[in-house]
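Sending over a structure as structure tokens; questions will come in a sec.
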Amino acid sequence: MAKEDKVKKVKAKKAKKAALTDDLSSGDAHLNFKKTKSTEKSHKATNQHKVKSPKKESTDFEIADDKRFKEEPNDGDFMPEKKGKKRKRKLESVEGPSTSTALSVPKKKKKKASQEGDGSSGPEKTKKKAESKNKKVKKEEEEHPVAAKKKKKTKEEIEAARALKIKKREEEEQQRWRWWEEEKYEDGVKWKFLEHNGPYFPPEYQPLPDNVKFYYDGKPVKLSLAAEEVALFFAQMLDHEYTTKDVFRDNFFADWRKEMTLEERMLITDLNKCDFGELHAMHREKVEARKNMSKEEKLLIKEANQKILEEYGYCMLDHHRERIGNFKIEPPALFRGRGEHPKQGMLKKRLQPEDVIINCSRDSRIPVPPAGHSWKEVRHDNTVTWLASWTENVQGSCKYVMLNANSKLKGEKDWEKYEVARKLKTCVDAIRAQYLRDLKSKQMGIRQRAVALYFIDKLALRAGNEKEEGETADTVGCCSLRVEHITLHDTLDGDNCVVEFDFLGKDCIRYYNKVPVSKRVFKNLKLFMQNKQEGDDLFDRLNTALLNKHLSSLMPGLTAKVFRTYNASMTLQQQLKELSNPSDNQAEKLLSYNRANRAVAVLCNHQRAPPKTFEQSMANLQTKIESRKEQLALAKKELKQAKKEAKANSDNKLLVVVEKKKKAVQRCEEQLLRMEVQATDREENKQIALSTSKLNYLDPRISVAWCKNMEVPLDKIYNKTQRDKFAWAIDMTELDFAF
DNA sequence: TCAATCACTTAGGATATATTTG
DNA sequence: CAAATATATCCTAAGTGATTGA
């Protein structure tokens, strides 16, 4: 659906022609931010969910110490700025009277400060923690024999298996590196020792069997190995929509021809005359055969993969064995950019060890390159976290081999991220007050900054870095919004001052939303749009660097993305409080959790393509519900009948029958209810992806504390991977944690 | 002095695996 | 037991934001 509303290709490069003669009549009534904010959050016009809008925040923090926010941003020196961004930057860097204190705190130190002295972290927790864990172990040991005794043989086995699993889990837990209890390295050092085996390279290309032929213009052509490999890439994708797109086809064809020999290039000049049918069929057969493999074959493959994982999937980092995230070198393929990507279909080339830079300790076993090869470089930089890197040929960007999310390096960073967001909580009121004031600034740049910040805070928009034109799909974030991305409505659906957003954001996911805003914001937007045309930047005096510079002066570590984290986690916390009830049963609690999670996903616009089978499976469920309803009706009727009979002659047997029927009705009702809940849950989730927010925006400690308070087992909320990733939070979070 | 580069987080789709259902 | 469905994992693209170097 995102595709339909193609944003028009605008090549008229950011011609900044703002005629900026804003006259500052400061007449608007002062707005109450809180009131506006909380209720309007996340009203997507497209998908209306049952989720209640987030509750009003009770953010009553008083920022006592901070004079900065009290000062009126007194820039009498306003002058219309006519030129482009560069000029503006200069002007504004002269500006602020107030940045020094905040900025003088060196960044690296701040991290420590933010993590210490916080109620829920710190080493004192350690002992308590260990105790409680021991208790847990004991308990489980006690419970299991009892449970096993009760059941019969097969059940016994199941029990045994489960016990084993639990034991394994405990064992794992025992040897987990509890890095969060250790001192942190300072000044950008990421590790002291790093050893690994280098990345794993994909297998060489296997040429086609002789009976599978490529045809050009009806005639079989034996391709050179290189050309054949690339042809197969295309053939394999023939079922995909990509191969119908002109851009994809053209890019592919151009790059394919580069791989051809001279003769091949002479011969093959038209993609439409190429017949990949046999290659495609072969590929399909392979896929099919793979599916139909016997258990043994599958096991064999699994074991082989396991071996690769053992050898290449781990590294030693400061005496601990850590899992590597992406230890496999990306195999060659046709580039699949998202949306209308100008480079889709280009050939992503096969990498050689000669392309790869290795990073590891000087005193470690240096990884051995594949036979007959050598590394591009081996370096020993312990201020970065990557183990290997290479430059990818399609976009020219760097790619890295890094650790898994459950590693110390990633976990620590994640923790830090949430601590920064929590810190924002203590000054968000002041910051909001300031940007509301800045809405009236005499300087255009400051006004634009204020409006952008208003969007970022209220709507959780991304910062919106500039992108190089023609290199990527045309997507935008807040600072890069163009005038065609918003429409202003004086009134709409009974609301005043409504801004209609319609643009493609990250990954070409459409953002569509109608948002009532304050009068002053509305007026400013009108002003920003004056004398501009399609293709012009809405915020022509603003970019992310400027915005972030300002933010970091308000609070060390503050950047635009922190607002997303902050608002996401706050929303979860509020929603959980609002929706869940300790007296609910577990299913209801989980539904509440999912809804709270969903509110965040809606806020952050985390979408997914509706599953291909969605309509079908929904219909199936619906028919199941219908038939269950009939069953219920029948059961009820029978119950009535039985009752009647029982009344007529009070036979004990008949009473038993009545009870039975009653039970049947009850069971039926429960099942029906469950299915109906499932149906709504699924419907609400149709195009919403919960996982992204869960993984990246929601402070896990909120969820952990909620589970503890609600007595919901944590694994109902987090699967194994997620529990590993959030081990630090699971370990340190107490019942009373508040974000 | 800012565009390019670098390092790292965030993102959705594809694919594999597990579970449920018929 | 197979098919359908749900869930987990893999994969790599696409962002953010700090730093760098021409």
Side-chain angles (χ1 to χ4, degrees), chain A residues 2 84-87 89-90 93 107 188 190 237 240 287 290-292 298 301-302 305 309 325-331 333 335-339 341 343-344 348 359 381 383-386 389 391-392 394-400 402-405 409-410 413-414 416-417 462-468 471-473 475-480 504-509 543-549 551-552 557-562 564-565 568 601 604-609 611-614 616-618 620-621 624 678 682 685 687-693 695-697 718-722:
Chain A
K85 289 184 178 162
K86 333 225 150 138
R87 167 94 169 287
R89 246 176 236 160
K90 207 186 290 166
S93 65
K107 273 187 198 132
K190 303 290 170 48
M237 287 182 72
H240 204 288
V287 170
R290 212 181 155 72
K291 238 181 8 204
N292 295 330
K298 279 184 181 165
I301 289 183
K302 207 173 167 184
N305 285 332
L309 177 69
N326 56 327
F327 58 90
K328 288 179 176 167
I329 290 283
E330 294 174 18
F335 178 74
R336 296 151 94 113
R338 315 256 165 89
H341 197 115
K343 298 196 170 184
Q344 64 187 109
K348 192 171 73 174
N359 190 35
D381 181 353
T383 67
V384 296
T385 65
W386 51 269
S389 73
T391 302
E392 164 263 7
V394 175
Q395 317 234 46
S397 64
C398 215
K399 299 234 179 175
Y400 302 91
M402 287 186 193
L403 295 189
N404 188 277
L409 253 25
K410 295 288 185 188
K413 204 77 188 297
D414 210 34
E416 206 181 302
K417 171 181 77 185
R462 295 188 185 82
N465 279 318
E466 284 156 282
K467 306 167 72 188
E468 207 168 333
E471 299 292 301
T472 63
T475 62
V476 298
C478 185
C479 293
S480 50
L504 297 183
K506 182 178 180 182
D507 292 309
C508 286
I509 297 297
N543 61 36
T544 52
L546 238 30
L547 179 65
N548 283 329
K549 202 176 136 214
L551 289 174
S552 75
L558 186 61
T559 62
K561 85 200 258 286
V562 177
R564 246 166 106 79
T565 312
C604 294
N605 200 38
H606 290 143
Q607 299 191 22
R608 61 169 188 175
K612 279 193 201 81
T613 55
F614 185 86
Q616 186 55 52
S617 75
M618 212 57 200
N620 288 350
L621 190 60
K624 269 202 312 208
Q678 192 189 6
R682 209 193 283 178
N685 249 2
Q687 334 187 287
I688 311 246
L690 300 187
S691 58
T692 304
S693 48
L695 240 43
N696 299 301
Y697 287 103
Y718 288 142
N719 66 30
K720 173 90 173 80
T721 315
Q722 292 164 162

Checklist entry - Closest approach of A:Thr559 and A:Leu551, non-hydrogen atoms and distance? => result C-CD1, 3.6 Å
Item to check | Value in whole Å for how far the C1' atom of B:dG13 lies from CG of A:Leu695 | outcome: 15 Å
Next on the checklist: Is the phosphate of B:dG12 approached by A:Thr692 (side-chain N or O, under 4.0 Å from OP1 or OP2)?
Outcome noted: yes
Checklist outcome for this item: By nearest-nucleotide position on DNA chain C, the 5'-leaning member of A:Gly477 and A:Ile329 is A:Ile329
Checklist entry - Along nucleotides 4-9 of chain B, 5' to 3', which nucleotides get a B, which get an S, and which get a -, given that the test is a protein heavy-atom distance under 4.0 Å? => result --SBBB
Checklist entry - Does the side chain of A:His341 get closer than 4.0 angstrom to OP1 or OP2 of C:dA13 through an N or O atom? => result no
Next on the checklist: Side chains of A:Leu558 and A:Ser552, heavy atoms from C-beta outward: is any pair under 4.5 Å?
Outcome noted: no
Checklist entry - Excluding sequence neighbours, so at least two apart, what forms side-chain contact (heavy atoms from CB on, under 4.5 Å) with A:Asn404? => result A:Arg323, A:Asn406
Checklist entry - Taking A:Thr475 as the fixed residue, which of A:His341, A:Arg462, A:Lys467 is the one that meets the side-chain hydrogen bond (donor to acceptor under 3.5 Å, both in side chains) rule? => result A:Lys467
Checklist outcome for this item: Test side chain to side chain contact (heavy atoms under 4.5 Å, CB included), reference A:Lys348, set A:Glu330, A:Lys343, A:Arg336, output is A:Glu330
Checklist outcome for this item: When rounded to whole Å, the CG to P distance for the pair A:Leu504 and B:dG12 reads 13 Å
Item to check | Within 6.0 Å of CZ in A:Arg682, more than 12 heavy atoms from elsewhere | outcome: yes
Checklist outcome for this item: Checking B:dG12, C:dG17, C:dA6 against the side chain of A:Arg682 (C-beta onward), the nearest is C:dA6
Checklist entry - Between C:dA14, C:dT12, B:dT10, which one does the side chain of A:Tyr697 approach most closely? => result B:dT10
Checklist entry - Between A:Glu466 and A:Asn543, which heavy-atom pair has the shortest distance, and what is it? => result OE1-CB, 3.9 Å
Item to check | C:dA13 phosphate, OP1 or OP2, under 4.0 Å from A:Gln395 side-chain N/O | outcome: no
Next on the checklist: It should be established whether A:Lys399 places a side-chain nitrogen or oxygen under 4.0 Å from OP1 or OP2 of nucleotide C:dA13.
Outcome noted: yes
Checklist entry - So what does A:Lys348 hit on the nucleic acid, given a heavy-atom distance under 4.0 Å: a base, only sugar-phosphate, or nothing? => result sugar-phosphate
Checklist entry - Is the distance from OP1 or OP2 of B:dA16 to the nearest side-chain N or O of A:Arg290 less than 4.0 Å? => result yes
Checklist entry - What integer distance in Å separates A:Glu392:CD from C:dT12:C1'? => result 10 Å
Next on the checklist: If I take atom CD in residue A:Gln687 and atom P in nucleotide B:dA11, what distance separates them, rounded to the nearest angstrom?
Outcome noted: 17 Å
Checklist entry - Does A:Thr559 make a side-chain N or O approach to OP1 or OP2 of C:dT16 shorter than 4.0 Å? => result no
Checklist entry - Does A:Asn719 make a side-chain N or O approach to OP1 or OP2 of C:dA8 shorter than 4.0 Å? => result yes
Next on the checklist: Tell me whether the rings of A:Trp386 and A:Tyr400 are parallel (<30°), tilted (30 to 60°) or perpendicular (>60°).
Outcome noted: tilted
Item to check | Rounded distance in Å - CZ (A:Phe614) to P (C:dT7) | outcome: 13 Å
Next on the checklist: Which residues pass the side-chain contact (heavy atoms from CB on, under 4.5 Å) test with A:Asp507, not counting sequence neighbours?
Outcome noted: A:Arg338, A:Ile509
Checklist entry - Counting just side-chain N and O atoms, does A:Arg338 come under 4.0 Å of either OP1 or OP2 of C:dC11? => result no
Next on the checklist: Between A:Arg462 and B:dA11, is there a contact of a side-chain N or O with OP1 or OP2 at under 4.0 Å?
Outcome noted: yes
Next on the checklist: I want to check one thing: is the phosphate of B:dT10, taken as OP1 and OP2, less than 4.0 Å away from some side-chain N or O of A:His606?
Outcome noted: no
Item to check | Rounded distance in Å - CG (A:Leu546) to P (B:dA3) | outcome: 13 Å
Next on the checklist: Let me spell it out: for each of A:Leu558 and A:Asn326, pick the nucleotide of DNA chain C with the closest heavy atom. Which residue's pick is nearer the 5' end?
Outcome noted: A:Asn326
Checklist entry - Taking atom C1' of C:dT12 as reference, at what distance in whole Å does atom NZ of A:Lys328 sit? => result 14 Å
Checklist outcome for this item: A:Asn548 CG to C:dT19 P, in whole Å, measures 12 Å
Checklist entry - Where the side chain of A:Asn465 is concerned, which of C:dT16, B:dA11, C:dA13 is the nearest nucleotide? => result C:dT16
